[in-house]
Amino acid sequence: MNATLAGLLQALALVAALALSYRPLGDYMAHVLSTRKHWRAERGIYKLIGVDGDAEQTWPAYLRSVLAFSFISVLFLYAFQRLQEHLWLSLGFPAVTPATAWNTAASFVTNTNWQSYSGESTMGHLVQMAGLAVQNFLSAAVGIAVVTALIRGFIRHKSDTLGNFWVDLTRITLRVLLPISIVFAIVLVAGGVVENLHAAHVINTLSGAQQSIPGGPVASQEVIKELGTNGGGFYNANSAHPFENPNPFTNWLEIYLLLVISFALCRTFGTMVKSQKQGYAIVSVMGLYWAASAALITFFEHQHSGAAAKIAGAAMEGKEVRFGIPGSSLFAASTTLTSTGAVNSMHDSYTPLGGGVTILNMMFGEIAPGGTGSGLYGILVLAIVTVFVAGLMVGRTPEYLGKKLGAREMKFASLYILTTPAIVLCGTGLAMSLSAGHGGGMLNTGPHGFSEVLYAFTSAANNNGSAFGGITVTSNHWQEALGLAMLFGRFLPMVFVLALAGSLAKQQQTPESTGTLKTHSPLFVGMLSGVVLIVVGLTYFPALALGPLAEGLH
Amino acid sequence: MAKPLPTPVRNHLTGLRLLLLFTVLCGLAYPLVVTGISQVAFSQQANGSLVKDAHGTVVGSSLIGQNFTIVAKDGKSQTPDPKFFQSRPSAAGSLGYDPTASAGTNLGTNSQVLVTNYTQLKSDIAKFNGVAESAVPADAITSSGSGLDPDISPAYAEIQVKRVAQARGLSVDKVEALVKQHTQDRTLGFLGEPRVNVLELNIALTELG
């Protein structure tokens, strides 16, 4: 079988697996997020934390809970890293430096998992599993909670409330993330991912040199790293590391895990708004972008443009033999289209246009299918913009899912859309102008160096966390700047989403009339795809032209 | 009755309590349970897929690549050992294949550094194995993402057969057969790429004599 056909089959098998889990997982999540019944264990938790599980929150209360929880999480994770040397299983590593600890705390709480440290030489096992990996669960759950609040905004009428954040968070973690993680962690171990509490131990190699074989509770962290679209690797090389991703099957499974929840949430959405067609429309747009992006990256990598790649005969720099071009490209597309940011190959060493597509993927706001929860609320905001644009064309008040989109709603939607590009473009511009004299940490020169900086800010503000790894981001100003980019890029959009949800819930339902735009038609799928491309693509075009396009079309 | 705490304070306390609860549940109980099950059911994999040589000594992990080189006395440079199949170039650590420093080069496909390195490597590898430069496959001169890639392509193994056989005084057919035996096809026929695990192949080679 040739490589192209094998790559195609690999992608098709993935689509089939995702399609099979779409309905059961989506409906299960809808049930978890709608049922009035609490588990006994959950009631115990609510009692311990002092929350009434049946109480409802208004949008400001919901938001305050999100922010309070995340604020506490940042502080806790910061302290945890700073105190590492006094804790068990520190492996003899010293306290993490203040700048790195701050950046990492912001990074894991915002579901970004940008890593300015190298796992195997910085973090002890306890910090990894009880600090970082806990946020892998919780930050993913926060994302799903926020999109649930938005969906409730659509389905509730004349209501002041959007549910209860503490209940949503607890249920998602306990009933969705934890059970799936346990099952697949064991599967990953069976495939060769390590799971132990050993420190590294030194062995003598076959040719007599010494090699230090690392240990760690890797599989348990690996699975939630993908499932929760987090992406923070146990080791520096992330999912390229053979102990995180030992063979083509684990590679395929990891890609599946990082996509499965975000796609299935469309079913959850469809079920909750009582129209599966609405869910199918959204998932079609996501699927379209995902397929196009995976195909483009695979194509560009096969083309292996670039002077060095031409000499080698294939773009294998930064890629593992066991995954090859198709397995690497599929992972790269999926990780940058969700907010995962795990990598099984080094994006910095991709061809200019292949690497350019990974940047573009993140710029789309990670909506195809996006991060757990954040992908769906991202695309729903874009759907609102699409309905609005369509409404302007025919001159009637736009409605989406029975809710009128007035000035207030559109303000929040617009603010949402403007936030991330503002952070990315201002951040990149500032970094380039301030660092002009002293290199700015770029490894590569010229347009490729610019791409490294653009990638860094795009990745941070979109909470992706992957990097063009050549850039050195350990200086204090980089740590602080990217930490802020991650926090603003995560929580400002959440403010606007929850405000939007609150304002939608207050409205009464507008009955559908003959003039209502059908938001489940193929026409709407086309329009939404167009709006995504135009609104988001054009915002970034000038920046892309200076980086990957300049290099790729050279 | 005590005055209730102001809402913001209560909110943060709730957050802290929930965070601590989940730290115990997802941060301790979960990984320990998974570790427990893994250690019992899949102890070989869970502990790093360690492999032993003919004498039963652990010589590495089948998942982590190694250098098969002769290191100079100062420990700063190395030359490939003709008796062994060679791994890919590696950017992990100063000599490569250092699992405490897993990394790729992160250089772009237009990088001048790569152009220079590739040209040099290609000619060195061709000379070392006595083949034409055009026969040297991409994985032989490019560094992997992890710097720990345990595999090489069947094409790279193929061009090394003659040289290894000569260095060890073995027949080419015998070494050829060994390579074939250690060549893994795509998983299920379509996942990943065909590959040869270098450490496992070299262990088998030492067992031949």
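Residue numbering restarts at 1 for every chain, and letters A, B, ... go by the order of the sequence lines. Heavy-atom basis, side chains included; hydrogens, waters and symmetry copies ignored.
- Across every non-hydrogen atom of B:Thr105 and A:Ser349, the tightest pair is OG1-OG, 4.1 Å.
- If you take CZ on B:Phe42 and CD1 on A:Ile186, they are separated by 7.0 Å, rounding to the nearest 0.5 Å.
- Inspection of the A:Glu195 and B:Thr35 side chains reveals an N or O donor paired with an N or O acceptor under 3.5 Å.
- If you measure heavy-atom distances from B:Leu32 to chain A, the contacts under 4.5 Å come from the side chain alone.
- Proximity to chain A (any heavy atom under 4.5 Å) is restricted, for B:Leu50, to the side chain, taken from C-beta onward.
- Here the side chain of A:Lys319 pairs no donor or acceptor atom with the backbone of B:Ser144 at under 3.5 angstrom.
- Counting heavy-atom pairs closer than 4.5 Å to chain B, the top residue among A:Ala190, A:Ser70, A:Gly470, A:Ala240 is A:Ala190.
- Minimum heavy-atom separation, A:Leu443 to B:Leu107: CD2-CD2, 3.7 Å.
- One N or O on the side chain of B:Thr109 and one on the backbone of A:Ser305 form a donor-acceptor pair closer than 3.5 Å.
- With a 4.5 angstrom heavy-atom cutoff, A:Tyr350 touches chain B only via backbone atoms.
- Within the 4.5 angstrom heavy-atom criterion, atoms from both the backbone and the side chain of A:Ala314 approach chain B.
- With respect to chain B, the highest number of heavy-atom pairs below 4.5 Å among A:Gly131, A:Ala308, A:Ala219, A:Ala307 belongs to A:Ala308.
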For side chain to side chain contact (heavy atoms under 4.5 Å, CB included), just list the numbers for B:His12 and A:Phe69, CA-CA rounded to whole Å, side-chain angles, deciding distance to a tenth of an Å, and then say yes or no. CA-CA 6 Å; B:His12 285 83; A:Phe69 183 69; over 6 Å; no

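- Contact annotation for A:Ala467: neither backbone nor side-chain heavy atoms come within less than 4.5 Å of a heavy atom of chain B.
- Contact tally against chain B (heavy-atom pairs below 4.5 Å) for A:Phe76, A:Phe249, A:Phe323, A:Trp252: the top residue is A:Phe76.
- Between B:Ser38 and A:Val189, the shortest heavy-atom distance links the atoms OG-CG2, 3.4 Å.
- Contacts of A:His198 with chain B are made by side-chain atoms alone, with heavy-atom separations under 4.5 Å and no backbone atom involved.
- For A:Ser451, no part sits under 4.5 Å from any heavy atom of chain B, backbone or side chain.
- Considering B:Glu193, B:Arg195, B:Arg186 as possible partners of A:Pro248, the one that fulfils the side chain to side chain contact (heavy atoms under 4.5 Å, CB included) test is B:Arg195.
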Any chance you could lay out the side chain to side chain contact (heavy atoms under 4.5 Å, CB included) test for B:Phe68 and A:Leu206, step after step, and finish with the verdict? CA-CA 7 Å; B:Phe68 298 95; A:Leu206 203 55; 4.0 Å; yes

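- Within the 4.5 angstrom heavy-atom criterion, no atom of A:Ser239 approaches chain B.
- For the set A:Phe71, A:Phe165, A:Tyr235, the entry with the most heavy-atom pairs within less than 4.5 Å of chain B is A:Phe71.
- If you measure heavy-atom distances from A:Ala200 to chain B, you find no contacts under 4.5 Å at all.
- Across A:Ala312 and B:Ile141, no two heavy atoms sit closer than the pair CA-CD1, 3.6 Å.
- Atom-to-atom distance recorded for B:Asn197:CG and A:Asn247:CG is 11.5 Å, nearest 0.5 angstrom.
- Only the side chain of A:Val223 comes within less than 4.5 Å of a heavy atom of chain B; its backbone N, CA, C and O stay farther away.
- A distance-only check finds no donor-acceptor pair linking the side chain of A:Ser212 to the backbone of B:Pro99 [under 3.5 Å].
- Of the atoms belonging to B:Asn202, heavy atoms from both backbone and side chain fall under 4.5 Å from chain A.
- Residue B:Ala101 touches chain A through its backbone alone, counting heavy-atom pairs closer than 4.5 Å.
- The contact between A:Pro326 and chain B is made entirely by side chain atoms (from C-beta outward), counting heavy-atom distances below 4.5 Å.
- For a residue to count as touching a neighbouring chain, one of its non-hydrogen atoms must lie under 4.5 Å from one of that chain's; by this rule A:Leu126 touches chain B with the side chain only.
- One finds the CG atom of B:Leu21 at 5.5 Å from the CG atom of A:Leu48 (value rounded to the nearest 0.5 Å).
- Under the 3.5 Å distance criterion, the side-chain polar atoms of B:Asn47 are left unmatched by any main-chain donor or acceptor of A:Val194.
- Side chains of B:Asn110 and A:Glu551: a donor-acceptor N/O pair is present below 3.5 angstrom, by distance only.
- Looking at A:Ala133, neither its backbone nor its side chain comes within 4.5 Å of chain B, counting heavy atoms on both sides.
- At a 4.5 Å heavy-atom cutoff, the contact between B:Asp151 and chain A is made by backbone and side-chain atoms alike.
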Given B:Phe22 and A:Leu174, is the side chain to side chain contact (heavy atoms under 4.5 Å, CB included) satisfied, shown in steps? CA-CA 9 Å; B:Phe22 275 127; A:Leu174 221 54; 4.2 Å; yes

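- Considering CD1 of B:Ile152 and CZ of A:Arg322, their distance stands at 14.0 Å, rounded to 0.5 Å.
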Assess whether side-chain hydrogen bond (donor to acceptor under 3.5 Å, both in side chains) is satisfied between B:Ser102 and A:Glu120, documenting all intermediate values. CA-CA 8 Å; B:Ser102 65; A:Glu120 58 262 52; 2.5 Å; yes

Quick one: do B:Cys26 and A:Thr173 satisfy side chain to side chain contact (heavy atoms under 4.5 Å, CB included)? Show the steps, please. CA-CA 9 Å; B:Cys26 303; A:Thr173 311; 3.8 Å; yes

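- The closest side-chain heavy-atom distance from B:Asn67 to A:Thr205 is not below 4.5 Å.
- Counting heavy-atom pairs closer than 4.5 Å to chain B, the top residue among A:Gln211, A:Glu244, A:His241 is A:Gln211.
- For a residue to count as touching a neighbouring chain, one of its non-hydrogen atoms must lie under 4.5 Å from one of that chain's; by this rule A:Asn444 touches chain B with the side chain only.
- Formation of a donor-acceptor pair under 3.5 Å by the B:Tyr30 side chain with backbone atoms of A:Ile182 is not found in this model.
- Residues A:Gly192 and B:Leu63 share a closest heavy-atom pair of O-CD1, 3.4 Å.
- Of the listed residues (A:Ser65, A:Pro214, A:Gly7), the one with the most heavy-atom contacts under 4.5 Å to chain B is A:Ser65.
- Side chains of B:Thr100 and A:Ser121 form no contact here, defined as non-hydrogen atoms less than 4.5 Å apart.
- Counting all heavy atoms, side chain and backbone alike, A:Ser73 lies closest to B:Leu19 at CA-CD2, 3.8 Å.
- Atom CG of B:Leu13 sits about 7.5 Å away from atom CD1 of A:Ile72, to the nearest 0.5 Å.
- B:Leu191 contributes atom CG, which lies 10.0 Å from atom CG of A:Leu14 (distance to the nearest 0.5 angstrom).
- Note: B:Thr23 leads B:Val51, B:Thr23, B:Thr116, B:Leu16 in heavy-atom pairs under 4.5 Å with chain A.
- Side chains of B:Ser146 and A:Glu320: a donor on one and an acceptor on the other come within 3.5 Å.
- Using a 4.5 Å cut-off between heavy atoms, A:Phe137 contacts chain B through its side chain alone, with no backbone atom that close.
- At a 4.5 Å heavy-atom cutoff, the contact between A:His201 and chain B is made by side-chain atoms alone.
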